[in-house]
> 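Provided herewith is a single structure, encoded as structure tokens, for subsequent inquiry.
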Amino acid sequence: MNHMVDAPPRELDLGVHWRHGFASLGPAFYTELPALPLPDPYLVGLNEPLAQALGLDPALLAGDEGVRALTGSLAIAGTRPLASVYSGHQFGVWAGQLGDGRALLLGDLDSADGAQELQLKGSGRTPYSRMGDGRAVLRSSIREFLCSEAMQGLGIPTTRALSVTGADAPVRRETVETAAVVMRVSPSFVRFGHFEHFASRGQDEELRRLADYVIARHFPECRTSGRFGGNAYAALLETVSERTAALLARWQAVGFCHGVMNTDNMSILGLTIDYGPFQFLDAFDPNHVCNHSDETGRYAYNRQPNVAYWNLFALGQALLPLIGDEETALAALESYKAVFPRELESCLRAKLGLADAQEGDRTLIEGILQLLAKGSVDYTIFWRRLSQHVAGGPLEPVRDLFPDREAFDAWLLDYAPRLPADRRAAGLAMLRTNPKYVLRNHLAELAIARAKQKDFGGVAELLAVLQSPFDEHPAHEALAGFPPDWASRIEISCSS
Ligand code: AMP
Ligand code: MG
């Protein structure tokens, strides 16, 4: 009798071809190491459309072996897990070496949107973990999973999330929580901090190699545009400044607070990255600080645009050895100051349904933002109701949001004549600009509470709705309502 049993598979073949662009930079940029397995992982959420876009079989991923692979508990054939090294400024202070303390890059896959890197987050300690345990908790992993896809649904540049898986292994934060892993997806996970790392050590050769890699892979036009007399590194800084400006305009317009805009959390592609203590504004408050650990309010909502410039300045300083002179670097950074206000105004004009730019638009925009702040009016609900009104709905639902109705009426007297002749078309366009659904803190909290009881229905429901946040989804109306009173007492900190 044959007593041999099939050995469990040592790796899973996902049937796709992996490339290793980042690994080609060489060992100065990373340490290769496997993920540390978590016992008995379970699927919390799977992003099927993204799986399909990557050529991955959702059914395979959702199976036992797939879930173990998504958790880092079973190796994936063809991958080459590595933790990259970076440094950065945290809360305005140079923090020295950081790096992927709990993330592993697996390699990249071809997709319709070009090469996409896959990265495990929460897959165990790495040489860059410092005091950390290399893990992520279920709570923050669900937040990252959902918010990545919420941003994507809103059309805001972001890293994506393929899956979130959990395990009952305890992870100590303020209380004991459980472990989870997010499989993140992005054309690149390179941060400003990667450049700062090599610049701070005077490793000019590695600095150049990294810049050349980013340019070749993502911004080849920097080599050929002839900008800055053919200085490709200045063109790179300018491109990143423009992209970051466009991103910040989108954040401000939708009411998104990132919460930890450290330079190591800034994407070189201008994507939203590292979802931690983020928040979509409930009541409009320009001074809102969403990160409970941010005692000075450095990353308050209305400070984000300036912080982004500060971070770009740090990137410019890091690129200085390549750019050559300070004047050129400063000139490249100037684009931020030009692009951000232009983009923000254009976003807000679209939110108001104004087809063309006219004098007085800024007054109109500032006027409504002041009224929203003064009345602590719910930001998302205001824009949605205004859109519905312009599309032909009644005025009262918008007007009733304002404690000072007369002040709103006065603003309306200036606004209404500015609307295009075809108000219905303008209103319909506004409904595609002003989302009905955003991932408010309390919505995430409710889905997390259910997930802790192993009911992942709330995560699936939010994922489906947030992937098309401009649609009505009448069956999910409750997700579009005012936040409950307890929402203002939710405290989200850096602890994740
Ligand atoms: P963050 O504030 O989440 O952007 O993290 C800042 C740095 O700390 C990065 O280098 C992270 O990889 C690292 N880090 C955060 N949490 C952990 C953890 N639990 N274990 C190891 N490293 C961590
Ligand atoms: Mg980070």
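For ligands, and for the atoms within them, numbers begin at 1 and follow the listed sequence. From a predicted model like this one, the values you see are computed outputs, not experimental measurements.
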> For atom 22 (N) of ligand 1, which candidate among S87, G193, G101 holds the nearest heavy atom?
G101

> Using the rule given for salt bridge (Lys or Arg N to Asp or Glu O under 4.0 Å), can you reason through E144 versus R184, listing the C-alpha separation, both sets of side-chain angles and the distance that settles it, and then say yes or no?
CA-CA 9 Å; E144 170 142 18; R184 302 200 289 190; 3.0 Å; yes

> Check the side chains of H288 and Q279 for a donor-acceptor pair under 3.5 angstrom, ignoring hydrogens and angles.
yes

> Does ligand 1 have an atom that lies less than 4.0 angstrom from a heavy atom of M131?
no

> Between D285 and Y379, do the side chains contain an N or O donor and an N or O acceptor separated by less than 3.5 Å?
no

> Nearest to atom 5 (O) of ligand 1, what protein heavy atom do you find, and at what distance?
D264 OD2, 4.6 Å

> Please tell me if atom 19 (N) of ligand 1 is touched by the protein, where touching means a protein heavy-atom distance below 4.0 Å.
yes

> For atom 8 (O) of ligand 1, grab the closest protein heavy atom and report residue, atom and distance to one decimal in Å.
R130 NH2, 2.8 Å

> Check for me whether G134 has a heavy atom closer than 4.0 Å to any atom of ligand 1.
yes

> Under 6.0 Å from the six-membered ring centre of W310 and within 45° of its axis: does the NZ or CZ of R298 meet both?
yes

> Output yes when the distance from some N or O of ligand 1 to some N or O of L98 is under 3.5 Å, and no in every other case.
no

> Is it true that the side chains of Q467 and Q152 contain a donor and an acceptor less than 3.5 Å apart?
no

> Do ligand 1 and R135 have nitrogen or oxygen atoms that lie under 3.5 Å from each other?
yes

> Quick check, are the ring centers of Y301 and F256 under 6.0 angstrom apart?
no

> Cation-pi between R143 and F278: NZ/CZ under 6.0 Å from ring centre and within 45° of the ring axis?
yes

> Is the Mg ion (ligand 2) under 2.8 Å from any N, O or S atom of N265?
yes

> Within D274, is some N, O or S atom less than 2.8 Å away from the Mg ion (ligand 2)?
yes

> Atoms of ligand 1 less than 4.0 Å from D274 heavy atoms?
4 (O)

> Under 3.5 Å, is there a donor-acceptor pair between the T71 and Y42 side chains?
no

> When rounded to the nearest 0.5 angstrom, what distance separates CG in D108 from CD in Q116?
9.0 Å

> Could you list which atoms of ligand 1 come closer than 4.0 Å to a heavy atom of D133?
18 (C), 19 (N), 20 (N)

> Step by step, work out the salt bridge (Lys or Arg N to Asp or Glu O under 4.0 Å) result for R68 and D40.
CA-CA 8 Å; R68 287 174 60 217; D40 306 319; over 6 Å; no

> With a 3.5 Å cut-off and no angle check, do the side chains of Q97 and H197 form a donor-acceptor pair?
no

> So which bit of Y128 gets within less than 4.0 Å of ligand 1, heavy atoms only: side chain, backbone, both or neither?
neither

> Could you find the nearest protein heavy atom to atom 4 (O) of ligand 1 and give me its residue, atom name and distance?
N265 OD1, 2.9 Å

> Is any N or O atom of N262, backbone or side chain, closer than 3.5 Å to an N or O atom of ligand 1?
no

> Taking only non-hydrogen atoms of R173, do any sit less than 4.0 angstrom from ligand 1?
yes

> Determine the sole option in T159, N265, T158 for which the side chain to side chain donor-acceptor pair (under 3.5 Å) test with Y275 is passed.
T158

> Has G99 got any heavy atom lying under 4.0 angstrom from an atom of ligand 1?
yes

> List the closest protein heavy-atom neighbour of atom 14 (N) of ligand 1: residue, atom name, distance to the nearest 0.1 Å.
R102 NE, 4.2 Å

> For atom 6 (C) of ligand 1, what is the closest protein heavy atom, and at what distance to 0.1 Å?
Q90 NE2, 3.6 Å

> Hey, which atoms in ligand 1 end up nearer than 4.0 Å to a heavy atom of G132?
18 (C), 20 (N), 21 (C)

